[in-house]
Amino acid sequence: GGEPAPASKDQVEATFRRWDANRDGFITASELREVLVRLGVPKSSVHKVFESADINHDGKLSYKEFIAWVYGAKGAKAVLPPDVFAKAFSQDVGELGRSLVRNVSNIPSGDPHGPPPVPAMWRTCTGKHEFVIPPGAEGGLPQAYVAFQVIQFLAGRTEDSSMVVPAVAKAMTPHRPMFKRILDACGEIVAVHAVKLGEKSARVDLFLRKEDLFRLRIDTVELEGNLCSRMNGFQPCPVVPEDVPEELWRQVEMASVAHGQGQPPMPVERLQRSTSASARRDLEHGDLVLTSEPMVRHRFRVRVRLADGCARMPRYVLLVPRLVARSAGHPRYLDHEVSIQDASGFGQFESEPFEHFVVANVPGRRIQDLVVEHTFTNCKVRLQERGAAPLDLVVPVPRLSAEERAANSCCAFPGREKLQALLKQRGLARGDGERDLAFAARLGQALCEGYRADAAIVDRYIDELPTLIWEKRAGDCSAFNLGFVCALRLFGVPARVSLGFKYGQAVKHAIGSVAATHAAAEFFAEGVGWVPCDATLGLRRLGHEASSDLSFVEWRPAVEATAERAVLERVLAEAAVGARTSAEPGAYRGLGPDGRGEPFWASQAGLKLFEGGPFVGKPLPPSKARECMAVMEDMGKVMAAVGVEGPVDWSQMFPSKGVFLCSYELTELPL
């Protein structure tokens, strides 16, 4: 027993911090239980393990107690299974998949034709492949070189696993498709940077580049001899050249020229260190425009079924949202088509299009054959210097009406004064004359460090959602983006939360469902227009990604304009619409784990159903438009992925409503 050797002290501290889920400086019984069960310790043994480690019996483990347990004769080594590192790798890769899709800007749109070839420098033991050795991989810590080789194996670039301990290589094999998708989307490894943790271990940053720069940080790479025996803790995020050590970045630029992949290197201006992908541009004074480039056409096919325990009604009224397109000043989507079909081929449903939605009458006997298709062109959105932006891709700056500005600038939410004081205290208030773009980027960058994903906390503080992320430094996508929007509004920047789905193959791999409910954001920059972004775990990039790996579709904003409400009241009488709408951030609908205040047409499902009707051109009163609940059939998987146990019996969760379960198919179509 006793203190760890200096060589392993940093590694032990890193493990303690990782297991201390709520960052309070102690490991509780529930935190230890969660980790040990994942590592293969029987649930029946966990309580006994904790009691033996909790020396002072106060119900929590201090760092000193943790060290005694790790190094004690009857401590961690006696409890943990022999293949603990292999299991830990599998768990960390699972967390990597979830981390990749928490922020929809994490995987760039990229080039659909795939990564360019690179010249040969490292020949694998199989003799079948050769790779350039990137700057930083050689001549320094051996963990850097081994990490580079391991990722090539994980990404399917080679079958050579000779640099990995066999048991760990076996554990890695099932996860290779994920790493392949990461490199395919984000590019090849162009640089490696390692920081020594102990005699055998190091933290390694792998920098990938395709269109943009991306960093995959590995918290621990440990060697036994020359073989990788441990690789744990993956942190993915977009970065900018300022985040790369200056000399290493110069080597990257020189290497790109030598291999014919770039222009002569320019001096790297290190005006500020930042994790925002907009740091390369002069957000304060530059002449910037938004560009919207069509990248891919997607089709969402939605099928519905009545949940078990719910009675089928004679008639239903269906509302399907229409996406706001580039022509209206919101640049994520070029176009959108809605198709309401009968899968049995019996005939089309009677429907009528409106500006913001399509309404259809659906007989109850045909509800099981209802299929809704959303087909839209997804666009990559970027901020660019006006002189460098292709004219046909520039998004015209929309005129923000007084009503729209008021609706997206309202600050009447609980805790406003406290939040304003808190932001000023942290140096996050808007500076005199600070441009809205620069302020938004600085505010979003502040969320990149010291904040964590925690969906469960949102349920406990749902009434404090506008200020939750700033006060508790934890939350889900709705807490991050609503907190970001409210902070912008406090200092005069119109902003709104976008409600919809994150979707794609990366989402399916991480969660088990091709789509998951998500909140993102938009803010209005004067002279530029509506800038889309995602502040979840920090603002990494201004813009929008359009790929089949990871993207976002906004079914609707979380505020409703007066004009939109007026159109809705042509279908549903004012009494049926009710007082659900509000421009106040605190009254945002569709946010939180229970979809509190779910909007009438639906961020949670991509459609909305009502018992009653039919709609024949006159507004339906409440007696002929009883609201149903539409939820993802895979919502249990989504909730489990964010650490919230989902209900199984939806009809019992919403006993006063008819409940429909929606399943989704995603198809990529040619442009």
Side-chain angles (χ1 to χ4, degrees), residues 300-322 338 340-343 349-352 354 356-374 499-501 515 517 555-556 560 568-581 589-616 619-636 638 646-664:
F300 262 111
R301 173 176 277 236
V302 189
R303 293 180 179 271
V304 302
R305 72 173 180 87
L306 197 61
D308 296 340
C310 293
R312 190 181 72 188
M313 297 293 108
R315 290 186 300 273
Y316 294 93
V317 176
L318 170 72
L319 268 69
V320 181
R322 302 180 75 170
V338 173
I340 303 172
Q341 304 173 2
D342 186 326
F349 293 104
E350 177 188 351
S351 65
E352 183 175 345
F354 288 83
H356 303 288
F357 54 87
V358 176
V359 62
N361 293 311
V362 182
R365 68 181 184 278
R366 296 171 62 193
I367 192 70
Q368 72 274 11
D369 297 319
L370 174 65
V371 175
V372 175
E373 285 188 351
H374 294 274
L499 300 174
F501 290 170
T517 52
W555 295 131
R556 57 161 297 112
E560 187 171 69
L568 182 61
E569 288 177 355
R570 290 167 58 187
V571 177
L572 302 169
E574 184 175 359
V577 174
R580 297 166 180 270
T581 61
R589 299 156 301 151
L591 295 178
D594 58 358
R596 181 172 298 195
E598 166 68 10
F600 265 80
W601 40 280
S603 58
Q604 296 283 347
L607 54 81
K608 194 69 179 177
L609 281 159
F610 298 84
E611 297 173 357
F615 173 71
V616 289
L620 294 169
S623 60
K624 292 191 175 182
R626 182 170 175 265
E627 182 183 9
C628 299
M629 192 67 190
V631 297
M632 285 184 166
E633 184 142 24
D634 286 336
M635 183 58 77
V638 176
V648 176
D649 191 341
W650 292 103
S651 64
Q652 291 299 312
M653 185 175 182
F654 304 103
S656 63
K657 299 181 180 182
V659 179
F660 286 90
L661 303 181
C662 303
S663 59
Y664 302 88

- Roughly how far apart are Leu620 CG and Leu572 CG, rounded to 0.5 Å? 6.0 Å

- So, do Arg322 and His356 sit near enough that their side-chain heavy atoms are less than 4.5 Å apart? no

- Message: Pair Gln341, Arg301 - check side chain to side chain contact (heavy atoms under 4.5 Å, CB included), show working.
- Response: CA-CA 10 Å; Gln341 304 173 2; Arg301 173 176 277 236; 3.6 Å; yes

- Query: In Å and rounded to the nearest 0.5 Å, what is the CZ to CZ distance from Phe501 to Phe300?
  - Reply: 6.5 Å

- Value rounded to 0.5 Å, distance of CZ in Arg305 from OG in Ser663: 8.5 Å

- Item | Leu370 and Val302, any side-chain heavy atoms less than 4.5 Å apart | no

- Is atom CD of Glu352 surrounded by more than 12 heavy atoms (other residues, nucleotides or ligands) closer than 6.0 Å? yes

- Considering all heavy atoms of both residues, which atom of Ala343 and which atom of Val371 are nearest to each other, and what is their separation? CB-CG2, 3.7 Å

- Task: Check the pair Leu568 / Phe357 against side chain to side chain contact (heavy atoms under 4.5 Å, CB included), numbers first and verdict last.
- Result: CA-CA 9 Å; Leu568 182 61; Phe357 54 87; 4.1 Å; yes

- Message: If I compare all heavy atoms of Ile367 with all of Val304, which pair ends up nearest, and what's the gap?
- Response: O-CG2, 3.8 Å

- Message: Is there a side-chain contact between Leu306 and Leu661 in this structure, where contact means two heavy atoms from C-beta onward sitting under 4.5 Å apart?
- Response: no

- Relative to Phe349, does Arg366 satisfy both conditions: NZ or CZ under 6.0 angstrom from the six-membered ring centre, and within 45 degrees of the ring's axis? yes

- Message: In the structure I gave you, are the side-chain heavy atoms of Arg303 and Gln368 within less than 4.5 Å of one another anywhere?
- Response: no

- Would you check if the side chain of Asn361 reaches a backbone N or O of Phe615 as a donor-acceptor pair within less than 3.5 Å? yes

- Task: State, with a plain yes or no, whether a side-chain heavy atom of Trp555 is found less than 4.5 Å away from one of His374.
- Result: yes

- Message: Side chains of Phe354 and Arg570, heavy atoms from C-beta outward: is any pair under 4.5 Å?
- Response: yes

- Item | Ser351 vs Val359 side-chain heavy atoms within contact, under 4.5 Å | no

- Note on the structure: What one should report as the nearest heavy-atom pair of Val659 and Cys310 is N-SG, 3.5 Å

- Please lay out, stage by stage, how Met632 and Cys662 fare under the test side chain to side chain contact (heavy atoms under 4.5 Å, CB included). CA-CA 5 Å; Met632 285 184 166; Cys662 303; 5.8 Å; no

- From CA spacing to verdict: side chain to side chain contact (heavy atoms under 4.5 Å, CB included), Val358, Leu319: CA-CA 6 Å; Val358 176; Leu319 268 69; over 6 Å; no

- Measure across Arg626 and Gly658 and return the closest heavy-atom pair with its distance rounded to 0.1 Å. NH1-N, 4.1 Å

- Item | Contact check, side chains of Tyr316 and Glu611, non-hydrogen atoms, under 4.5 Å | yes

- Message: To the closest 0.5 Å, what do you measure between CZ (Phe660) and CG (Leu318)?
- Response: 10.0 Å

- Measuring from Met629:CE to Leu609:CG, what's the distance to the nearest 0.5 Å? 12.0 Å

- Heavy-atom closest pair (Ala625 atom, Phe610 atom, distance to 0.1 Å) is O-CD2, 3.8 Å

- Item | Minimum heavy-atom distance between Arg312 and Gly364, given as atom pair plus value | CD-O, 3.0 Å

